[in-house]
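For the single chain, residues carry numbers from 1 onward in sequence order.
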Amino acid sequence: MSENALPIAPSSDSQRTADSAPILTLEGVFYAVLLAVAALLLLADLGAVAPRLDEVNAMVAAYRGTETASPLLLWVQSFSFGVLGGTTFAARVVTALAALALVMTPALFRGELGRTRALALTLLLAFTPPLIIAGRSASPLIWSALLGVLALRAWLDHVASPSAGRGVRAVMLAAATIFLSGPAGLVTLLLIGLSAAAALVFSSADAETESAGRNRFAAVITAARSVSWQTAGIASALMVAAVATGFMTAPSGAASIGRLLEGLGAYVTGSPVSTISLSLFYQPLTWILAIAGLIVLRGIGWSGPDRFFTAALLLNLPLALVAPDAHHTVLIAVTVAGLASGALAACLAPDRRQKLYADQEVARGDELARLYAPAAGRFILTFVIFALLFILSVHMQGAAREFLQIEGGSIEGLIDRMQTGVASAEFRVGLLWTVITALFLLIGFFLAASLWGNRVTLQGFGLGLTAMLLISQLSAAWYVTSFNAYNPVEPWNHRTTGQPYELLEKTVHDLTLRESQAFPLLPITVIRDPTGSVAEDGLLGWLLRDFSHTVYVSSADEARAAPIVIQIVPAARSADPPPELGGSYVGQRFALTMAWDPASMQGLDTLPWALQRRVRVQPAASVYAMLWLRQDVFEGEPIEELVR
């Protein structure tokens, strides 16, 4: 069967090879390096940060063996806990490895994308912030995306060479995507399927001959008819039942499938998250490269992969209006990276012009004259553009800090501050160099184009932009998951776990060391949050997961005379008097969750917020945990007396 029969037709990349072509040694080295880099980004300090609010419920459910909305995540986390212990690292590590596999999946599509573009897409995915954040946060969407991509690969293999085994495998992967990965599984599979169908339709419409277009549809129909649907249905049902129940070791897995189907209702009744805004915020340079890729397509023609990614982006726009979770940004991020990979591959395409502007100097032995060669010019411009963009970024950040000093954050206030001479020298220098660097970028394009031509100049600008993209997106991803993991000023962390949660965890741990030689035997009474914002399956449920003597009550009266009491207090009631516990207690307050209101920004404040996460109004605690120790416990009463 010809390659034209595939739903996604091969691109016109000059370095494209057939599926059966072996990976070159140099190409394999590049993939190995990207694998190592992606593994470092996804696994480094994975358990160093406390659980996020959007992952802790699934962690508690897996630890306790109760149902959750992702049967596959429930099973892999339960398995990980059994092997590595009930730690935050164990809860995240398998999903992080799945994200690593997702990063490397473009290598499976080398025949359709071409070698260069597949490698370019892998590079971009390895430095994609939403994918890294979701992978380090045990997001079920990682499993949805991974299984969906594998299902697409299995279907393409089946279309290329129909067989009963390949058809059953494709159907089983599709079933796993829908019924095991999470509520987003069906949405992800529909997105991939509709995008592939659109690529097939438009590729067939643009076929050189009418018969070629008909052959592509005929190949898909033949593949669908060759599937043993009865066998595939039975095998899929058995596979879903086995995985959902942990191979009959977790009966709650069956209930998890029901929770998964209920989760689909969140796309209609839930509060939507602006996933397009998050993608633009964390991937601005990737979007620029993707738009450049669309412009390039107008000149060189649209390939099957280009149609696939374009259709996926268009389908993602209505999805962004109803997506109930920030992790859905992963779907948009992968799509945008796919389009950007086309532009990056075009930047790496060789320039076949051999004539130099200094042929006579080269003939006389002047080696420096070889810099006028197109190949040399492309990489010279890459270094220059990266340096200019780096300088621009540094001085923009230096100038942005001054905006927080402007009254009202208005442009009029900025002009007044400049005219009165109050503005700092750093701001003036930063603003001046920002303008100068921007002019260098603009004028430099025309200077470079006069030497090397528009194509080489655009390639150099694209590669320089890519280098800056990789560094900036690496920084953004690492800050969200590490340095700013407790900072709700980050758009991804609009409401997050408070850093004092770690102190509360350490305090409880120290109590167990002193009172029970590190065994979790302390009798702890938790007064539930009256607003329900912190439940038993949330942050406190994870913190107290090993304490078998923990009791949850609804009022302070039920906790009277308890040796250790944790009271959940919303920030609005933090000034209320201490509860009447019927004795002498010593207490300490811990910020359990933090929140920040974006409406507190004023005008130009958006620039320092976007570049440095600096704001006028600082985040505040939204929920507190009050730890009360009875006086005798505080003074070191033996554990036997406490449990009695």
Side-chain angles (χ1 to χ4, degrees), residues 8 34 38 41-42 95-96 98-109 112-113 117-137 139-153 177 181-182 184-185 187-196 198-199 273 275-291 293-294 304-317 319-320 323 325-345 466 469-470 473-474 476-477 492:
I8 299 179
L34 289 178
L41 295 177
L42 287 165
T95 304
L100 180 61
L102 181 60
V103 167
M104 304 305 295
T105 50
L108 300 176
F109 297 87
E112 292 78 20
L113 295 172
R117 187 166 185 177
L119 190 58
L121 181 54
T122 304
L123 174 67
L124 293 175
L125 291 181
F127 291 86
T128 297
L131 197 156
I132 296 173
I133 297 167
R136 291 175 62 89
S137 304
S139 171
L141 193 65
I142 293 294
W143 294 100
S144 299
L146 177 61
L147 290 174
V149 170
L150 294 178
L152 175 62
R153 179 68 270 168
T177 306
S181 63
V187 175
T188 303
L189 195 64
L190 285 175
L191 181 66
I192 293 174
L194 292 175
S195 301
V273 177
T275 52
I276 291 287
S277 299
L278 286 174
S279 179
L280 286 169
F281 188 90
Y282 288 107
Q283 297 178 278
L285 300 182
T286 307
W287 276 89
I288 294 175
L289 206 60
I291 294 172
L294 291 174
D306 295 320
R307 292 184 172 90
F308 174 83
F309 289 122
T310 303
L313 182 59
L314 293 176
L315 290 171
N316 262 311
L317 295 179
L319 175 63
D325 193 334
H327 292 286
H328 285 262
T329 311
V330 172
L331 301 179
I332 300 175
V334 172
T335 302
V336 174
L339 285 173
S341 66
L344 182 55
T466 301
L469 174 156
L470 299 179
Q473 292 189 173
L474 167 62
W492 198 285

- Item | Counterpart residues, side chain to side chain contact (heavy atoms under 4.5 Å, CB included), relative to L285 (two or more places apart) | I288, L465, M468, L469, S472

- Message: List the residues meeting ring-ring contact (aromatic ring centres under 6.0 Å, His included) with W143, not counting sequence neighbours, and say none if there are none.
- Response: none

- For residues 275-284, pull every pair meeting side chain to side chain donor-acceptor pair (under 3.5 Å), keeping only residues two or more places apart or in separate chains. S274-S277, S279-Q283, S279-W287, Y282-E490

- Task: Would you please name every residue forming a side chain to side chain contact (heavy atoms under 4.5 Å, CB included) with A99, sequence neighbours left out?
- Result: L42, L131, I142

- Spacing of NE2 belonging to H327 relative to CG belonging to L278, to within rounding of 0.5 Å: 10.5 Å

- Query: Of all residues at least two apart in sequence or in a different chain, which pass the side chain to side chain donor-acceptor pair (under 3.5 Å) check with S181?
  - Reply: S144

- Counterpart residues, side chain to side chain contact (heavy atoms under 4.5 Å, CB included), relative to L190 (two or more places apart): L186

- Item | side chain to side chain donor-acceptor pair (under 3.5 Å) partners of T128, counting only residues at least two apart | none

- Query: Atom CG of N316 and atom CG of L191: how far apart are they, to the nearest 0.5 Å?
  - Reply: 5.0 Å

- Message: Which residues pass the side chain to side chain donor-acceptor pair (under 3.5 Å) test with T466, not counting sequence neighbours?
- Response: none

- Task: Can you sort out the partners of L194 under side chain to side chain contact (heavy atoms under 4.5 Å, CB included), two or more places apart, ordered by chain and number?
- Result: L315

- Query: Atom CG in L294, atom OG1 in T310: separation rounded to 0.5 Å?
  - Reply: 5.0 Å

- Query: What residues, two or more places apart in sequence or in another chain, satisfy side chain to side chain donor-acceptor pair (under 3.5 Å) together with S341?
  - Reply: R117

